[in-house]
Participant: 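First the structure, then my questions, so here it is.
Scope of the values below: all heavy atoms of this structure, side chains included, with no hydrogens, waters or symmetry mates. Counting begins at 1 with the first residue of the sequence.
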Amino acid sequence: MRTMTDKLPVESQAVAPPAPIPWYRRSAVLPWAWAAGLCLLYATVAVRRHQLLRTTGYDLGIFEQAVRAYAELRAPVVPLRGPGFHLLGDHFHPLLAALAPLYRLWPSPLCLLVAQSALLALAVVPLARWARRALGVRAAHVVAAGYGLSWGIASAAAFDFHEVALAVPLLAFSLEALAHRRWGAAVAWAAPLLLIKEDLGLTLAAVGVHVAVKGARRLGMVTAAVGTLGSLIEIKLLLPAFNPGGDYAHGGNLGDGHGSLLSTLAHAPLDALRPDVKALTLILVFAPSALLALRSPLAMIAVPTLAWRMVSENPFHWGTAYHYSAILMPVVFAGLVDVLSAEKAAEAGHAARSARNVRASLATVLVVTAAMLPSFPLAQLVQRPTWRTTPHIEAARALLARVPDGATVAASNRLAPQLTSRCEVVIFPTFPVDSRIDHRETGPLPAPTAEWIVYDAVPPEAWPQKSGPWPYPVEQQEAELRAAREKHGYELVAARDGVTLLRRAR
């Protein structure tokens, strides 16, 4: 007996094509959509800070002078760091020259701030792509949001520009390659770390150790050796060769230890946890992953950066401010995806339980991210002062506009990056007076030699720095300003709302 179905044409019996997948759920689009959104978020914070005079000569001005020199095919001699100071004698970051073509097209400090925003956002692509393939679309969104809003990335995006921004996406792509056992690609992505900062050779070595343990032993051992030797060569030979003082500018951060190598090593575990801020930072580094990243072997790649920061004698290295934790965030979220992927695979026979565990972990990540967000710089976007231009800022801009292009200028720290794209700028009062960045002169400072001096007695608040003068106490800065007029031949051009503009008399 024939059925009704038998009477239908063949075409009508064909299975209907599946519904098209929305663009925002496509695996190829999702990571890049997050990258674009995060780039816009970071750039908004960074650019607005610059417009509010919250960026600084130390460090945005320094890096702009270096990139400007590269763009003009000159050695990166940076007047802000001292007369004739070659910046490769401070940190070893020749890969910074890769930004020179972009700066040539857009000679502005905003070029560096937007480039940094794009680099930090780019790192979300391999992390979200890996999470999408291993855990699904929802997990990819959680990982992208967790990384993108993490305090380590937010702190870097909202404090000037730093070379470590170049390293963040490279390490993220390397970690994705490690997850898929593409050992050669992992090493290739990580290799440029040697040209970004002298300590990152040790991070490359950590990648090599992971490769050696998990798969390609020879490649991993060679990578570990190259990374370690590269850092040693840079610290012991290259940096002193470029440094005017003939030594490593930041060697003092390691201090003299406890009198001997053995004693220093014996005290290292306690020194890494004292004072208490160090232990808190170690917890907060892995908190965005709900501490799950600690269960992943990939977490070991964070050890070199954490180790030098915890044994440093510089208090800035111990906390959560500034840019020092940006390189750790890809490791943390790669560890999170690694752990959840392993749990999903291990529970293959118990799909329901596995799904519940993964969902609970991802929900915890979202809760931690939301809880930490108000305490870090991205929260500035919803604060009223961020969107208000004060009379003080308007006065400063008006006086800065009176400085002609090509002039030599001694400027207050937070006015310096407003001028570095068009003038030769040093810090007022003169700083530093030698090759050591931590040096403070207690006696009379050298006389200013710039054509112009622009001084801000009431610099705006600039997270994470408090309001107030830098690098010397306000009394000393005011005394130097008076001396410029009374002893060194400078005349008052204008003064408005605490901002003073002087010019050397002809």
Side-chain angles (χ1 to χ4, degrees), residues 24 30-56 59-60 63 106 108-125 127-128 141-162 164-165 168-169 284-285 287-288 319-330 332-333 365-394 396-397 414 417-418 459-467:
Y24 56 85
L30 184 153
W32 293 100
W34 267 102
L38 292 174
C39 178
L40 179 62
L41 179 69
Y42 303 152
T44 301
V45 174
V47 170
R48 189 57 187 157
R49 286 184 76 253
H50 185 70
Q51 293 172 339
L52 295 174
L53 309 185
R54 296 179 180 180
T55 53
T56 62
D59 295 319
L60 177 58
F63 282 107
W106 185 17
S108 165
L110 299 182
C111 173
L112 299 190
L113 296 177
V114 172
Q116 175 171 262
S117 300
L119 289 165
L120 295 175
L122 180 61
V124 81
V125 171
L127 297 173
H141 284 299
V142 173
V143 169
Y147 164 83
L149 303 178
S150 64
W151 64 265
I153 297 299
S155 297
F159 179 60
D160 290 13
F161 172 90
H162 296 89
V164 73
V168 173
L284 290 178
V285 163
T320 56
Y322 305 103
H323 56 287
Y324 300 112
S325 296
I327 194 69
L328 301 174
M329 294 300 104
V332 169
F333 282 90
V365 169
L366 284 179
V367 170
V368 172
T369 299
M372 298 180 73
L373 195 57
S375 301
F376 292 94
L378 294 182
Q380 294 175 13
L381 288 175
V382 296
Q383 296 171 356
R384 185 174 298 177
T386 301
W387 304 105
R388 185 169 66 92
T389 301
T390 65
H392 179 80
I393 294 171
E394 292 176 347
R397 288 179 180 171
R414 294 177 198 173
Q418 306 294 322
E461 182 179 356
W463 182 97
Q465 302 165 333
K466 298 178 181 178
S467 295

Participant: Looking at every heavy atom in both Leu30 and Ala128, which two are closest together, and how far apart are they?
Facilitator: CD2-CB, 4.1 Å
Participant: Compare all side-chain heavy atoms of Arg54 with those of Thr386 and state whether any distance is below 4.5 angstrom.
Facilitator: yes
Participant: Hey, what do you get for CZ (Arg48) to CG (Leu381), rounding to the nearest 0.5 Å?
Facilitator: 11.0 Å
Participant: For the atom pair CG (Leu284) and CE (Met372), what is the distance rounded to the nearest 0.5 Å?
Facilitator: 4.5 Å
Participant: Just how far is it from atom CG of Leu53 to atom CD of Glu394, taken to the nearest 0.5 Å?
Facilitator: 11.0 Å
Participant: Quick one: does Leu41's side chain get under 4.5 Å of Leu149's, heavy atoms only?
Facilitator: yes
Participant: Locate the shortest heavy-atom distance separating Val143 from Phe333; write the atom from each residue and the value.
Facilitator: O-CD2, 4.0 Å
Participant: Can you find a heavy atom in the side chain of Val168 that is under 4.5 Å from one in the side chain of Met329?
Facilitator: no
Participant: Over all heavy atoms of both residues, which pair between Ala121 and Ala35 is shortest? Give the atoms and the distance, please.
Facilitator: CB-O, 3.3 Å
Participant: Are the side chains of Val47 and Val114 in contact, using a 4.5 Å heavy-atom criterion?
Facilitator: yes
Participant: If you round to the nearest 0.5 Å, how far is CZ of Phe161 from NE2 of His323?
Facilitator: 10.5 Å
Participant: Give the minimum heavy-atom separation between Ile153 and Gly148, together with the two atoms involved.
Facilitator: CG2-O, 4.4 Å
Participant: Does a side-chain heavy-atom distance below 4.5 Å link Tyr42 with Leu119?
Facilitator: no
Participant: Mind checking the OG1-CG spacing from Thr56 to Asp160? Nearest 0.5 Å is all I need.
Facilitator: 3.5 Å
Participant: Do Arg49 and Leu113 touch side chain to side chain, with heavy atoms closer than 4.5 Å?
Facilitator: no
Participant: Within the side chain of Asp59, is there an N or O that forms a donor-acceptor pair under 3.5 Å with the backbone of His162?
Facilitator: no
